[in-house]
Amino acid sequence: MLARAARGTGALLLRGSLLASGRAPRRASSGLPRNTVVLFVPQQEAWVVERMGRFHRILEPGLNILIPVLDRIRYVQSLKEIVINVPEQSAVTLDNVTLQIDGVLYLRIMDPYKASYGVEDPEYAVTQLAQTTMRSELGKLSLDKVFRERESLNASIVDAINQAADCWGIRCLRYEIKDIHVPPRVKESMQMQVEAERRKRATVLESEGTRESAINVAEGKKQAQILASEAEKAEQINQAAGEASAVLAKAKAKAEAIRILAAALTQHNGDAAASLTVAEQYVSAFSKLAKDSNTILLPSNPGDVTSMVAQAMGVYGALTKAPVPGTPDSLSSGSSRDVQGTDASLDEELDRVKMS
């Protein structure tokens, strides 16, 4: 019994070696198990039995009993997943590039009856179908897409094989492209294209970096100018606020000084003190005329200090006698006579200074 099983396994190995060589295998009927009435079918195998030359049944794994002479084991099908090497073949792409491609095919027999009677050699038929489908699918793609769309190419080949092999009781599980051999000149062109693409990417990245750097520098200058202008604006506002505060403080101080001075002038001997102060300021201002300006105003007798003091006192006296603008007395009719009297007193004072 073991010898018969070994002969069956040897027949399967023979078919696999013939497929690898690219030649159609021939089923050797002498290698099939003989009818010994009691048979033991291994697991994952299907033995097709014919009775008097006609299909009878498929033996299940385990113990089986056949009728001698009438029953004959015609086919032995393995239900395991089968791996088949697809030989290397030439294919032309859409852009007229010749490629050498080989692959690996994974299939499984789903229906032993169809696999036995639907086609002479199902494995060889599927291999040829895989080769033709591969050439057909490669003719629809350019060279660049062959490398990028490798998975979609495998899926298309599997779908095409399953549509044709359904009546053979075989299902293609997957197909994988092993190697793609490109002609040497095409390979050199592809290498040059890759190098050019990399140089292009490097140039683009460098230009983008330069652009980003220029944008960052311009943005920095813009922010610096905005901050500088805001700082200058804040400085001017603070300076104006300080000057306004200073002017207001000076005005308040001056107003307070005027109130104190007015209060002091109303006291006893206030006029004499005011006259002395005016005389001192007059003499001090006269002494600065020659220092602060090129224009010098000199009285008729610059050496007579007494006359200058008397003149300053006369001016102060005339001012103190003049009415304050806006008072009721200044708006009355007598205001004109007071002004004329003041002018007369000033003339008299000036004449007295000249005579002295």
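The CZ atom of Arg108 lies 11.0 Å from the NZ atom of Lys80; values are rounded to the nearest 0.5 Å.
Residues Ser142 and Asp144 bring no donor and acceptor atom of their side chains to less than 3.5 Å of each other. Side-chain contact of Ser78 with Gln44: a donor-acceptor pair under 3.5 Å is absent, judged by distance alone.
Of the possible donor and acceptor atoms, one in the side chain of Arg150 sits under 3.5 Å from a partner among the backbone N and O of Ile177. No donor-acceptor pair under 3.5 Å is formed between the side chain of Asp71 and the backbone N or O of Arg51.
For the side-chain hydrogen bond (donor to acceptor under 3.5 Å, both in side chains) test, no residue two or more places apart in sequence or in another chain qualifies with Gln163. With sequence neighbours left out, the ring-ring contact (aromatic ring centres under 6.0 Å, His included) criterion links Tyr106 to no other residue.
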Checking side chain to side chain contact (heavy atoms under 4.5 Å, CB included) for the pair Lys250/Lys254: CA distance, chi angles, key distance, verdict?
CA-CA 6 Å; Lys250 288 180 181 179; Lys254 189 174 182 180; over 6 Å; no
* Step by step, would you call Arg259 with Glu256 a salt bridge (Lys or Arg N to Asp or Glu O under 4.0 Å)? -> CA-CA 5 Å; Arg259 284 195 295 269; Glu256 185 66 22; 2.3 Å; yes
| request: Could you walk me through whether Val38 and Leu63 pass side chain to side chain contact (heavy atoms under 4.5 Å, CB included), step by step? | output: CA-CA 7 Å; Val38 178; Leu63 177 62; 3.4 Å; yes
Practice problem: For salt bridge (Lys or Arg N to Asp or Glu O under 4.0 Å), just list the numbers for Arg174 and Glu81, CA-CA rounded to whole Å, side-chain angles, deciding distance to a tenth of an Å, and then say yes or no. | Solution: CA-CA 11 Å; Arg174 56 189 177 277; Glu81 186 173 347; 3.3 Å; yes
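The one candidate from Ile101, Val104, Leu105 that meets the side chain to side chain contact (heavy atoms under 4.5 Å, CB included) condition with Val86 is Leu105. Ser116 pairs in a side chain to side chain contact (heavy atoms under 4.5 Å, CB included) with only one of the listed residues (Val76, Asp111, Val48), which is Val48. Partner Glu195 forms a side chain to side chain contact (heavy atoms under 4.5 Å, CB included) with one of Arg199, Arg198, Glu197 and no other, that one being Arg199.
Electrostatic pairing of Glu137 and Lys140 counts as a salt bridge here, judged by a charged N lying under 4.0 Å from a carboxylate O.
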